[in-house]
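Structure record follows, encoded as structure tokens.
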Amino acid sequence: MRYDPTSIEAKWQARWEDEGIHHAPDDDPRPKYYFLTMYPYPSGDYLHVGHWYAMAPSDAAARYRRMRGFNVTLPIGFDAFGLPAENAAIERGIHPFNWTMRNIEVIRRQLRSMGAMWDWAREVVTCDPSYYKWNQWFFLKMYEMGLAYRSLAPVDWCPKDNTTLAREQVVGDDRVCERCGTPVVKKNLSQWFLKITDYAEELLDFSKIEWPERVCLLQRNWIGRSGGVEFSIDVAGHSELSFRVFTTRPDTVYGMSFCVLAPEHPLVDVITSSDRAGEVESYRFKAARESDIERLSTERERDGVFTGAYAVNPMSGEEVPIYVADYVLLTYGTGAIMGVPAHDERDFDFAVRYGLPIPVVIAPHGWDGSPLDRAHLGDGRMVNSGQFDGLPSDEGWSGIADEMERRGIGERKVNYRLHDWLISRQRYWGTPIPIVYCDRCGTVPVPYEDLPVRLPEDAEFRPTGESPLRYHEGFLNVACPSCGRAAARETDTMDTFVDSSWYQYRYLDPRLDGAPFDPASAARWLPVDQYTGGIEHAVMHLLYTRFWTKAMRDMGLIEFDEPMLRLFNQGVILGPDGNRMSKSKGNVVNPDEFVAAYGADVLRAYLMFIGPWDEGGPWNSRGIEGVARFLRRVWAVVTGEGGGEAGASHATSERELEYWIHRTVQRVTEDIERFQFNTAISALMEFTNVLQRTSGTPLRRHPLWEEAVESLVLLLAPLCPHIAEELWVEHLHRPYSVHTQGWPAFDPGKATAEQVTLVLQVDGRVRERVQVPSGITDAAAREIALESPRVRQFLASRTVVDVIVIPGRLVNVVTR
RNA sequence: GCGGGCGUAGCCGAACUGGUAUAGGCGCCAGACUUAGGAUCUGGUCGGCGCAAGCCGGUGGGGGUUCGAGUCCCUCCGCCCGCACCA
């Protein structure tokens with residue numbers, strides 16, 4: 001009987017599902033293991049091989065854990081809200097719910113065809129009211145805690161479609177609307193924010209999680225902590241006017257030769273002198289437009305305009321001009337800076353351009369007092385700094401900070417690049433924000449008992465892309481929960497990253513009605529032991545879910561601080577042309593055709609075999625044939641059909657067969673532990689080749705042979721679950737199921753070959769290789785080397801000065 | 001510009017802490033078997049010289065440390081990915 005993947009895969013998938021062997025019960029006595037892989041976003045109507053590339057090895061790792069004796073859950077669900085569904089509705093007149101559920105149906109079938117151990121009982125679909133109700137619940141909790149607030153903020157706005165755009169709807173380097181190609185502008189709107197900045201400091205602490213250093217670094221940079229001093233600067237001639245600046249270099253304050261306000265800074269209107277008003281106004285207009293067109297060039301000239309006003313240096317009393325320039329951002333620090341050209345490159349360029357003085361206050365090492373030709377960022381001693389002269393700059397730093405604090409003009413402060421999380425989307429297909437606006441009571445949260453605030457089903461999708469919620473009378477008009485009078489609902493919905501911030505909690509019991517999750521089962525299952533997914537989520541999703549967990553902890557719902565203990569980022573599978581797969585490029589590879597041609601096991605193994613999991617690479621369908629051959633060979637070896645000829649690499653003794661068994665168990669175990677599936681499969685290929693070549697020898701009838709094929713099937717089980725089950729049950733006649741068996745153990749002693757190759761070198765060059773017993777002593781190895789005729793030949797007229805012995809591997813005889 | 005990663009055969013890749021470079025697979029070449037096969041099996045496959053044993057060279061280029069470097073250090077080249085005026 002030949003290996004026929006199609007029939008055996010369907011058969012076992014049906015049986016596994018009937019018997020529910022992939023559901024991990026809460027009350028199982030084994031230690032728990034929560035394996036989470038990022039849930040798919042059904043933005044298209046099927047999964048491509050890139051999804052399989054992420055999921056199949058995750059499944060293999062989860063199955064391996066289960067064979068190691070853990071009660072493993074591998075849940076799955078759908079990140080079902082988001083723009084593509086809404087666009088489909090606008091373009092094709094299909095309701096987003098129907099469009100999404102239709103895609104999910106197709107994807108569910110694909111996920112089943114993978115033969116993964118999905119714990120379907122835990123499935124979550126985020127666009128279901130039973131899910132998004134809890135987004136609203138969390139929002140209200142955060143509102144009560146002061147973590148959710150409303151504020152005026154600029155959003156991207158398409159002037160042609162007359163609507164706001166989400167970040168992902170703004171495309172291209174020139175920032176145009178993805179629908180109509182019109183350049184996007186900023187517009188100020190009242191928006192809801194979550195106060196992630198409250199957790200900025202804690203989010204910088206990665207000590208409780210084992211995440212890739214790269215991800216931690218990305219998050220660290222994204223949070224962008226910088227410590228400095230914020231202080232007040234008075235406007236000369238206006239005793240009542242002052243502004244605040246932030247600096248990380250208070251030690252350079254005596255070197256200030258100008259100040260800069262951001263173009264949007266509110267003080268600009270107040271201080272600009274009448275003769276400068278025209279120029280300042282046109283600069284601000286230009287800046288407003290330019291800041292919205294992405295600033296492409298790094299070589300961009302740093303320009304600005306003088307306001308006509310002067311600032312007083314609080315330390316030296318000196319008066320310096322105040323400029324407006326767009327290299328200062330309103331959104332960072334205080335929106336105003338002190339300009340210290342001698343010690344800041346940007347300020348240096350600006351000063352050179354406008355002929356401003358460049359006073360040196362930190363003397364570079366070996367400085368001769370002449371003007372600097374570029375900003376000096378070093379740590380010399382302070383000069384021209386009044387009482388601080390002569391101090392090393394780090395002492396000057398704290399000295400000046402102390403002095404400012406003592407005089408009450410400034411204080412030490414930490415700034416973050418991280419902004420609060422803007423969750424408002426002017427969209428239909430998302431979670432409605434549970435807020436009501438009442439003329440009399442103001443902003444009123446929807447009472448918990450009225451949740452969920454449901455999306456109306458009879459929404460009318462306009463070709464302009466405006467949210468149907470804004471025009472839906474039935475949704476919009478509501479009685480104020482507080483006073484009962486006519487009031488209006490918030491029509492914004494939540495960012496879909498809200499959904500994915502806590503989905504791993506909802507997986508515990510997606511049907512639970514009274515709470516987002518049961519604290520007892522959370523205590524049992526969480527945090528997630530292993531998370532897998534793409535690096536593209538390093539600073540959005542992975543930061544938000546950490547924030548959410550910390551907020552939940554502060555709500556008293558859980559007692560841990562981090563959502564996922566370990567993280568692995570797999571690489572990206574590109575199209576055959578080397579580009580990212582996309583429908584518009586026509587390079588999307590559908591796994592279904594390969595499942596039909598070769599079976600899921602072959603596709604799974606091939607995806608794991610092509611290279612290191614974290615590297616990805618272009619899809620290439622040529623090599624899949626080799627993996628198909630491998631599984632056919634496994635089939636032949638285990639079923640006893642088609643024995644090979646005795647060749648060069650076959651086990652010739654019991655001891656050798658035993659060695660191959662233990663060595664392979666060791667290699668596969670260690671490789672799967674490290675997610676090195678490609679080498680695990682290589683090891684299984686080698687083992688299979690050895691067994692095939694041994695099958696024509698008398699060892700075929702030795703009891704060890706049974707152990708060998710049994711080990712092969714067990715080691716293969718996590719990677720290729722169907723063929724392993726078929727061989728285990730139908731050909732080895734072992735009890736169902738191979739997937740509930742224990743993982744084979746190896747004996748390190750037996751995993752060592754009886755004979756090893758000892759390399760003999762003279763002066764680092766290989767001269768001879770000899771077979772020696774593996775436990776050979778260093779003294780014996782040394783003796784073998786020195787007595788080897790080949791070695792002696794090369795030692796002829798030389799003096800041996802040293803002999804280096806690497807136990808059981810190498811002897812290097814050093815001469816000269 | 002700053003930060004991070006990578007560069008090994010015709011191709012994908014292996015080589016844990018410096019110790020046989022190129023395992024495994026694809027492709028290619030030769031052979032066996034076969035009525036046929038989406039086949040299967042065996043052998044070969046880094047380059048140069050040599051009938052051969054073997055010698056020499058070789059992990060993007062150059063230099064260094066070391067008995068010994070794909071691996072460590074310096075430098076240059078090339079590719080990829082983040083951040084991009086964050087005061």
Side-chain angles (χ1 to χ4, degrees), chain A residues 2 213-214 217-218 220-222 224-226 228 245-249 252 260 262 294-296 298-300 302 325-329 331-340 343-347 349-350 415-418 535-536 538-539 572 597-598 606 609-612 614-615 617-618 620 622-630 632-633 636 641-648 667 670-671 674 676 678-689 692-693 696 756-769 790 801-807 809-816:
Chain A
R2 287 186 45 197
E213 194 44 52
R214 190 151 75 110
L217 192 69
L218 282 167
R220 211 173 275 129
N221 292 343
W222 187 261
R225 180 189 204 277
S226 61
V245 299
F246 175 73
T247 180
T248 55
R249 294 294 304 272
T252 66
V260 182
E294 196 73 348
R295 292 161 186 168
L296 290 173
T298 32
E299 306 305 315
R300 220 171 77 101
R302 227 179 287 290
D326 66 2
Y327 80 90
V328 173
L329 310 173
T331 49
Y332 184 78
T334 60
I337 62 154
M338 61 175 194
V340 184
H343 307 293
D344 181 283
E345 283 175 30
R346 295 154 301 179
D347 296 345
D349 292 346
F350 194 81
N415 259 320
Y416 301 95
R417 230 176 56 115
L418 179 72
I535 186 77
E536 68 273 18
V539 288
V572 178
Y598 295 99
Y606 178 58
F609 179 65
I610 46 181
D614 56 352
E615 283 179 19
N620 173 352
R622 259 191 346 209
I624 197 169
E625 199 55 60
V627 174
R629 276 201 271 271
F630 160 59
R632 283 197 285 265
R633 214 170 287 164
E641 291 158 29
E645 304 298 311
R667 286 170 74 187
E670 289 172 357
D671 287 347
R674 278 177 285 186
Q676 290 170 1
N678 57 329
T679 49
I681 291 174
S682 295
L684 289 172
M685 285 175 169
E686 283 184 68
F687 187 45
T688 304
N689 291 344
Q692 184 171 52
R693 286 160 188 166
V756 293
T757 306
L758 188 68
V759 175
L760 307 183
Q761 295 183 333
V762 178
D763 292 328
R765 307 180 83 93
V766 179
R767 295 305 179 187
E768 175 83 301
R769 295 179 173 129
R790 290 263 318 141
V801 295
D802 199 3
V803 179
I804 285 146
V805 181
I806 304 300
R809 305 197 68 157
L810 177 144
V811 180
N812 186 12
V813 182
V814 185
T815 69
R816 208 173 304 119

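Each chain gets a letter, A, B and so on, in the order the sequences are listed, and its residues count up from 1.
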Whole angstrom value for the distance that separates [atom2] of [N] from [atom1] of [X]:
X	N	atom1	atom2	value
A:Phe630	B:rC41	CZ	C1'	18 Å
A:Arg417	B:rC2	CZ	P	17 Å
A:Phe687	B:rA23	CZ	C1'	17 Å
A:Arg765	B:rG54	CZ	C1'	13 Å
A:Leu217	B:rC81	CG	C1'	12 Å

Would you indicate, yes or no, if [N] has its OP1 or OP2 atom less than 4.0 angstrom from a side-chain nitrogen or oxygen of [X]?
X	N	result
A:Arg693	B:rC41	no
A:Thr334	B:rA87	no
A:Asn689	B:rC41	no
A:Arg767	B:rC55	yes

Nearest-nucleotide 5' precedence on RNA chain B, A:Asn221 against A:Val328: A:Asn221
Considering heavy-atom distances to RNA chain B, does A:Ile535 or A:Phe246 have its closest nucleotide positioned more toward the 5' end?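 Upstream on the strand: A:Ile535.
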Describe the nucleic acid contact of A:Arg667 in one word from base, sugar-phosphate, nothing, applying a heavy-atom distance below 4.0 Å.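 Nothing, no heavy atom under 4.0 Å.
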Residue pair [X] / [Y]: nearest heavy atoms and the distance that separates them:
X	Y	answer
A:Tyr598	A:Ala628	CD2-CB, 3.8 Å
A:His343	A:Thr252	CB-CG2, 3.9 Å
A:Tyr606	A:Ile624	CE1-N, 3.5 Å
A:Ala262	A:Leu329	CB-C, 3.9 Å
A:Leu810	A:Leu758	N-CD1, 3.6 Å
A:Val328	A:Ile337	CG2-CG1, 3.6 Å

Report the nucleotide, chosen from B:rG4, B:rG82, B:rA87, that has the shortest atom-to-atom distance to any side-chain atom of A:Leu218. B:rG82
Minimum side-chain heavy-atom gap A:Val814-A:Gln761 below 4.5 Å: no
Does the side chain of A:Asn689 come within less than 4.5 Å of A:Arg633's, by heavy atoms?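 Side chain of A:Arg633 against side chain of A:Asn689, heavy atoms only: contact under 4.5 Å found.
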What string of B, S and - do you get for nucleotides 9-20 of chain B, 5' to 3', if B is base contact, S is sugar-phosphate-only contact and - is no contact with any protein heavy atom under 4.0 Å? ---SSS----BB
Check nucleotides 32-39 of chain B for protein N or O atoms closer than 3.5 Å to its own N or O atoms and list the pairs.
from, atom 1, to, atom 2, distance (Å)
B:rG38, N2, A:Ala597, O, 3.2

List for me each residue that meets ring-ring contact (aromatic ring centres under 6.0 Å, His included) alongside A:Phe350, sequence neighbours excluded, and say none if there are none.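 A:Phe350: ring-ring contact (aromatic ring centres under 6.0 Å, His included) contacts with A:Phe258, A:Tyr323, A:Tyr327, A:Tyr354.
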